[in-house]
Trainee: 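One structure follows; several queries about it will come next.
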Amino acid sequence: MALYTSDYLKGVASKNKLLFENQKRGFSEKKVPENTEFDIFLSHSFLDKSDIQGLYQELSDFGFRVYVDWIVDPHLDRNNVTQSSASLIQTRLKYSKSLLLAISTNVAMSKWMPWELGYVDGNTNKCAIVPVSNERNPPNFFKGTEYLLLYPFIKKARSENGVDKLWVVESEFNYSILDNWIVYGVIHKNRKVNIYNI
């Protein structure tokens with residue numbers, strides 16, 4: 001499979017709209033304790049909200065506990081950042097096992113993403129990119145620019161037993177299943193199968 005596309009993620013969001021609204025309502029009605037652990041802190045541009053809703057659902061369907069600020073902490077006001085709200089985001093980053101950056105054409109508009117990346121990279125080094133393409137036929141690999149090239153990227157592909165899995169990819173022969181990377185932080189080297197071709 002190629003990288004995630006905006007159209008695919010919007011489709012996931014649309015298909016799961018009722019489920020998503022119920023999840024979001026649950027977070028609104030009951031404040032999530034600050035020391036709640038998440039597998040993934042999903043860093044993104046708010047301009048990509050509909051894509052992020054789909055990505056949140058996709059990651060949740062794979063069994064991950066995912067933090068997205070406007071879903072889990074809907075009381076936060078993005079237009080009025082305070083010391084208190086920044087402190088809460090720091091705490092959420094601290095209690096998240098990894099950080100995934102949803103990279104789209106809107107990424108340059110986000111003031112928070114570089115700060116979130118720097119915080120997690122300095123503490124756990126478990127940071128990866130989730131490229132979101134606007135192309136109908138996106139490439140099978142991420143060709144980032146500047147500092148984004150330092151990080152592996154996420155790709156959805158079939159495992160040897162034919163089941164869809166999420167992979168953390170460093171290069172065509174260096175990759176691991178996302179679940180294992182979150183727990184152990186290791187990317188397996190010199191594999192026999194080129195994941196770009198899967």
Side-chain angles (χ1 to χ4, degrees), residues 1-6 8-10 12-13 37-62 64-73 76 78 81 86 88-135 138-157 165-171 174-183 185-187 195:
M1 181 175 169
L3 302 177
Y4 280 111
T5 66
S6 180
Y8 173 82
L9 293 175
K10 283 180 174 71
V12 171
E37 280 199 355
F38 292 91
D39 298 310
I40 296 167
F41 185 107
L42 186 54
S43 183
H44 63 284
S45 167
F46 192 69
L47 297 173
D48 295 322
K49 186 175 180 179
S50 55
D51 293 346
I52 296 306
Q53 183 179 330
L55 186 54
Y56 171 85
Q57 193 60 56
E58 177 95 344
L59 292 168
S60 296
D61 288 348
F62 272 98
F64 297 108
R65 286 187 49 92
V66 182
Y67 178 81
V68 173
D69 58 347
W70 50 271
I71 297 172
V72 178
D73 291 317
L76 290 178
R78 285 175 161 259
V81 178
L88 177 59
I89 293 296
Q90 249 181 337
T91 301
R92 295 300 192 196
L93 288 163
K94 179 180 170 186
Y95 282 97
S96 296
K97 297 175 186 172
S98 66
L99 176 97
L100 298 185
L101 282 94
I103 302 297
S104 70
T105 54
N106 293 316
V107 72
M109 304 296 287
S110 174
K111 297 173 185 172
W112 284 95
M113 289 178 76
W115 180 77
E116 292 164 351
L117 174 63
Y119 185 87
V120 174
D121 196 15
N123 287 303
T124 69
N125 199 29
K126 287 186 191 169
C127 305
I129 307 296
V130 182
V132 179
S133 175
N134 285 326
E135 299 175 39
N140 288 330
F141 59 93
F142 177 61
K143 200 171 185 177
T145 58
E146 299 172 353
Y147 68 93
L148 296 178
L149 287 171
L150 301 172
Y151 302 97
F153 67 92
I154 304 299
K155 178 181 179 179
K156 182 177 174 181
K165 293 282 186 183
L166 294 178
W167 302 87
V168 181
V169 181
E170 197 172 76
S171 66
N174 299 337
Y175 52 91
S176 290
I177 292 176
L178 179 58
D179 313 54
N180 293 340
W181 178 77
I182 288 174
V183 174
V186 175
I187 294 180
I195 197 162

Trainee: List in chain and number order the residues that pass side-chain hydrogen bond (donor to acceptor under 3.5 Å, both in side chains) with Gln90, two or more places apart in sequence or in another chain; answer none if no residue qualifies.
Mentor: none

Trainee: If you define the side chain from C-beta out and look only at heavy atoms, does anything of His44 sit under 4.5 Å from Tyr56?
Mentor: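 In short, these two side chains do not touch, never coming nearer than 4.5 Å.
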
Trainee: Listed by chain and number, what are the ring pair (Phe, Tyr, Trp, His ring centres under 6.0 Å) partners of Tyr175, not counting sequence neighbours?
Mentor: Trp167

Trainee: Would you name the heavy atoms of Lys126 and Val120 that are closest together and state the gap between them?
Mentor: O-CG1, 4.0 Å

Trainee: Closest approach of Asp51 and Ser6, non-hydrogen atoms and distance?
Mentor: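 Reported closest heavy-atom pair: OD1-OG, 2.9 Å.
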
Trainee: So, taking the atom named CG in Leu42 and the one named CG in Asp69, what distance separates them when rounded to the nearest 0.5 Å?
Mentor: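 Rounded to the nearest 0.5 Å, the CG-CG separation comes out at 9.5 Å.
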
Trainee: Can you list everything that forms a ring pair (Phe, Tyr, Trp, His ring centres under 6.0 Å) with Phe38? Sequence neighbours excluded, please.
Mentor: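 In terms of ring pair (Phe, Tyr, Trp, His ring centres under 6.0 Å), with neighbours along the sequence ignored, Phe38 is linked to Tyr67.
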
Trainee: Quick check: does any side chain N or O of Lys155 sit under 3.5 Å from a backbone N or O of Ile195, one acting as donor and the other as acceptor?
Mentor: yes

Trainee: Below 4.5 Å, heavy atoms only, C-beta onward: do Ile89 and Phe41 meet side chain to side chain?
Mentor: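 Yes, side chains in contact.
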
Trainee: Please round to the nearest 0.5 Å and tell me the distance separating atom NZ of Lys10 and atom CD1 of Ile52.
Mentor: 10.0 Å

Trainee: Atom CZ in Phe153, atom CD in Glu170: separation rounded to 0.5 Å?
Mentor: 10.5 Å

Trainee: Considering residues at least two apart in sequence or located in another chain, which fulfil the side-chain hydrogen bond (donor to acceptor under 3.5 Å, both in side chains) criterion with Asn180?
Mentor: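 Result, side-chain hydrogen bond (donor to acceptor under 3.5 Å, both in side chains) vs Asn180: none returned.
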
Trainee: In a table with atom names and distances, give each donor-acceptor pair under 3.5 Å that connects a side chain of residues 96-104 to protein atoms at least two apart or in another chain.
Mentor:
| from | atom 1 | to | atom 2 | distance (Å) |
| --- | --- | --- | --- | --- |
| Ser96 | OG | Arg92 | O | 2.7 |
| Lys97 | NZ | Asp39 | OD1 | 3.4 |
| Ser98 | OG | Asp39 | O | 2.8 |
| Ser104 | OG | Asp48 | OD1 | 3.3 |
| Ser104 | OG | Asp48 | OD2 | 2.4 |
| Ser104 | OG | Asn106 | N | 3.1 |

Trainee: Just verifying a value: how many Å separate Leu93 CG and Trp115 CH2, rounded to the nearest 0.5 Å?
Mentor: 6.0 Å

Trainee: Closest heavy-atom contact between Tyr151 and Ala128?
Mentor: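 Of all heavy-atom pairs spanning Tyr151 and Ala128, the closest is CB-CA, 4.5 Å.
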
Trainee: Checking Ile154 against Ile129 for the side-chain contact (heavy atoms from CB on, under 4.5 Å) test, could you report, in this order, the C-alpha distance in whole Å, the side-chain angles of both residues, the deciding distance, and whether it holds?
Mentor: CA-CA 6 Å; Ile154 304 299; Ile129 307 296; over 6 Å; no

Trainee: I need the minimum non-hydrogen distance between Lys156 and Glu58, along with the two atoms involved.
Mentor: NZ-OE2, 2.8 Å

Trainee: Sequence neighbours excluded, which residues qualify as side-chain hydrogen bond (donor to acceptor under 3.5 Å, both in side chains) partners of Ser45?
Mentor: none

Trainee: Mind checking the CG-NZ spacing from Leu178 to Lys165? Nearest 0.5 Å is all I need.
Mentor: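 Atom-to-atom, Leu178:CG and Lys165:NZ are 10.5 Å apart.
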
Trainee: Looking only at heavy atoms, which two atoms of Ala13 and Ser50 are closest? And how far apart?
Mentor: CB-O, 3.8 Å

Trainee: Identify which one of Val169, Ile187, Asn174 satisfies the side chain to side chain contact (heavy atoms under 4.5 Å, CB included) criterion when paired with Pro152.
Mentor: Ile187

Trainee: Nearest 0.5 Å, what's the CD-CD1 distance between Gln57 and Ile71?
Mentor: 9.0 Å

